[in-house]
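Working notes, beginning with the structure itself.
Computation of the quantities below employed the complete heavy-atom set of this structure, encompassing side-chain atoms and omitting hydrogens, waters and symmetry-equivalent molecules.
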Amino acid sequence: MSLVGVVPQVPPVDDQGQPWAGPQGMGDLALYEPAHVLATLTVPSGWAAHATGTPLGEVPERDGRVRYSFAAAAVRDFPVLVTRGYQSATSTVNGVTVESHFAARDAAAGKRVLKYASRALTEFEKRLGPLPYTHLRVVQAPLSGGAGGMEFPGLVTVGTSLYRAKQDPLKMLAGMPGMEAFQELLDAQGAGLLAQVGAQVGESLERTLEFTVAHEVAHQYFAGLVGSDPIHDPVVDESLAQYAALLYMEWAHGPEAAESLRNEALVMPYQFFRLSGGRDGRADRPTGDFDGGELEYGALVYGKAPLLHHASRKLVGDSAFFKALRSYVDTYRFKWACKACFTQELAKASPANAKALGKLRARWWEEAHGDEDLGAADLQGLMEAMGGGLGDVKLDAQTQQLLEQLLPQLMGQ
């Protein structure tokens with residue numbers, strides 16, 4: 001059970017001194033001024049409490065309930081989750097206790113999540129500086145609306161569907177819009193190809209699980225430490241968290257794995273959005289301005305926008321890029337960053353490219369060059385890019401045209 005939002009927080013104010021107006025129904029809920037929290041939570045017998053901060057103890061009450069206490073310093077939010085029937089696994093990274101809490105039936109995946117979170121924190125602390133908390137918790141949660149995870153300072157959640165994806169990948173995909181027609185297409189190719197596709201999808205979803213965990217851990221820095229407005233400027237922290245997760249894959253698994261994930265997790269969602277009838281547009285806008293819903297938001301904010309950082313890195317080189325990234329975290333730690341602040345740090349690290357960096361930000365965040373920069377794939381091309389035998393499913397011209405005509409309707413465009 002998620003009790004996120006039950007603890008009052010101090011909202012940031014705008015340039016006119018007016019407090020934040022509240023969530024807009026898409027993306028993250030909020031982010032607040034850093035605050036100190038001392039909390040006591042009492043839960044029924046058999047339940048456990050999970051929250052941000054250092055645990056101060058668990059005290060059994062006479063009526064069977066259990067009282068938990070937590071202390072948290074300089075956190076921008078204070079999430080509360082309670083679970084029943086969960087198991088836990090822990091590790092330590094540079095003095096930070098990393099905890100994974102998961103349903104008993106998902107113990108194997110829960111332990112892999114602990115490994116991914118610990119590895120991601122290790123890599124990020126090397127490049128971005130130390131995490132200022134004693135504990136980092138990852139809690140399995142039945143998220144909805146297509147969300148793979150949700151971040152809070154010192155605590156993140158990861159969707160149950162990702163924990164179970166490897167067990168039966170095709171079953172997980174069965175409920176997605178448009179999968180009925182795709183399933184019929186695969187059935188027609190025979191059981192062997194169906195099994196091959198299932199295995200490939202399972203491997204892809206496991207990479208997605210690791211990538212998602214890394215993304216949520218990266219949010220500890222963007223916008224947990226480096227504050228930014230997730231309602232009016234979601235492109236700031238989401239693009240950095242997404243690209244940092246891609247960097248993690250490069251550091252942990254090598255450049256080829258990172259390039260594969262770049263295509264799979266960033267480029268393909270944009271191309272699928274376009275193929276399904278969505279229109280390219282400005283990525284830098286408030287969450288409430290994405291009229292195309294979650295699919296448009298995901299394609300532009302999570303897919304196209306993070307590739308600004310990839311283009312900037314190519315322009316200035318690795319040395320200047322990583323110097324600027326660390327400087328950005330150090331400069332705005334516990335403060336509020338602006339939309340152009342990271343570009344400004346890049347310009348300091350590579351003065352000769354200052355003008356070009358500004359043009360890149362405008363191109364990737366403010367303008368519509370996605371098809372030119374990422375390509376506008378057709379259905380056959382997307383299937384070949386997914387691999388696992390999907391490229392062997394040859395569509396005749398009539399079938400391909402029919403599916404491409406159906407996609408916008410299936411995806412609600």
Side-chain angles (χ1 to χ4, degrees), residues 26-31 75-77 79 113 116-117 119-129 131 133 136 138 143 146-159 162 207-252 258 261-262 264-266 269-270 283-284 287 294 297-313 321-322 324-326 328-329 332-333 336-339 341-343 345-346 361 364-365:
M26 187 184 298
D28 294 337
L29 295 175
L31 214 63
V75 293
R76 297 184 187 271
D77 205 346
V113 165
Y116 298 151
R119 186 184 294 173
L121 181 58
T122 298
E123 297 294 342
F124 291 146
E125 286 207 324
K126 287 180 185 176
R127 278 90 173 180
L128 304 179
L131 194 68
Y133 308 123
L136 174 63
V138 186
L143 303 177
M150 184 64 196
E151 74 282 354
F152 306 95
L155 185 151
V156 301
T157 61
V158 176
L162 287 176
R207 289 194 299 272
T208 300
L209 173 62
E210 182 173 7
F211 184 81
T212 299
V213 171
H215 174 97
E216 303 307 337
V217 174
H219 268 307
Q220 297 302 303
Y221 295 88
F222 321 107
L225 294 181
V226 178
S228 61
D229 189 330
I231 306 300
H232 292 99
D233 308 318
V235 72
V236 176
D237 72 290
E238 290 298 352
S239 71
L240 277 169
Q242 192 79 328
Y243 193 64
L246 196 62
L247 290 174
Y248 157 78
M249 298 300 291
E250 178 179 334
W251 297 328
L261 255 294
R262 187 182 76 86
E264 192 172 304
L266 279 69
Y270 171 82
D284 179 14
T287 57
E294 296 285 354
Y297 184 73
L300 300 184
V301 175
Y302 288 81
K304 186 176 78 166
L307 293 172
L308 161 66
H309 306 308
H310 194 62
S312 298
R313 179 185 173 188
F321 183 85
F322 291 116
L325 188 60
R326 178 60 186 265
Y328 177 71
V329 175
Y332 296 100
R333 194 177 177 92
W336 294 97
C338 62
K339 287 190 286 189
C341 283
F342 182 46
T343 301
E345 294 301 321
L346 285 166
R361 192 178 77 250
W364 286 92
W365 283 11

Could you check whether any side-chain heavy atom of [X] comes within less than 4.5 Å of a side-chain heavy atom of [Y], counting everything from C-beta outward?
X: E123; Y: L247; answer: no
X: Y133; Y: V75; answer: yes
X: Y243; Y: R313; answer: yes
X: Y297; Y: P234; answer: yes
X: F222; Y: L128; answer: yes
X: Y302; Y: P269; answer: no

Backbone N or O of [Y] within a donor-acceptor pair of the [X] side chain at under 3.5 Å?
X: W365; Y: A305; result: yes
X: R76; Y: L225; result: yes
X: E250; Y: A258; result: no
X: Q220; Y: F152; result: yes
X: E345; Y: L325; result: no
X: D233; Y: V236; result: no

Closest approach of [X] and [Y], non-hydrogen atoms and distance?
X: C341; Y: Y332; answer: SG-OH, 3.3 Å
X: W364; Y: A311; answer: NE1-CB, 3.7 Å
X: T212; Y: G149; answer: CG2-N, 4.2 Å
X: V226; Y: V329; answer: CG2-CA, 3.7 Å
X: P230; Y: T287; answer: O-CG2, 3.6 Å
X: E216; Y: T157; answer: CG-O, 4.2 Å

Roughly how far apart are [X] [atom1] and [Y] [atom2], rounded to 0.5 Å?
X: R119; Y: M249; atom1: CZ; atom2: CE; value: 9.0 Å
X: R127; Y: T122; atom1: CZ; atom2: OG1; value: 10.5 Å
X: K339; Y: S228; atom1: NZ; atom2: OG; value: 11.0 Å
X: L121; Y: L131; atom1: CG; atom2: CG; value: 5.5 Å
X: L143; Y: L162; atom1: CG; atom2: CG; value: 8.5 Å
X: E238; Y: L300; atom1: CD; atom2: CG; value: 13.0 Å

Q.
Quick one about H215 and E151 (side-chain donor to acceptor, distance below 3.5 Å, no hydrogens or angles considered), yes or no?
A. no

Q | Test log, rule side chain to side chain contact (heavy atoms under 4.5 Å, CB included), inputs F211 and Y116 | A | CA-CA 9 Å; F211 184 81; Y116 298 151; over 6 Å; no

Q) Of all residues at least two apart in sequence or in a different chain, which pass the ring-ring contact (aromatic ring centres under 6.0 Å, His included) check with F342? A) H309, F321, Y328

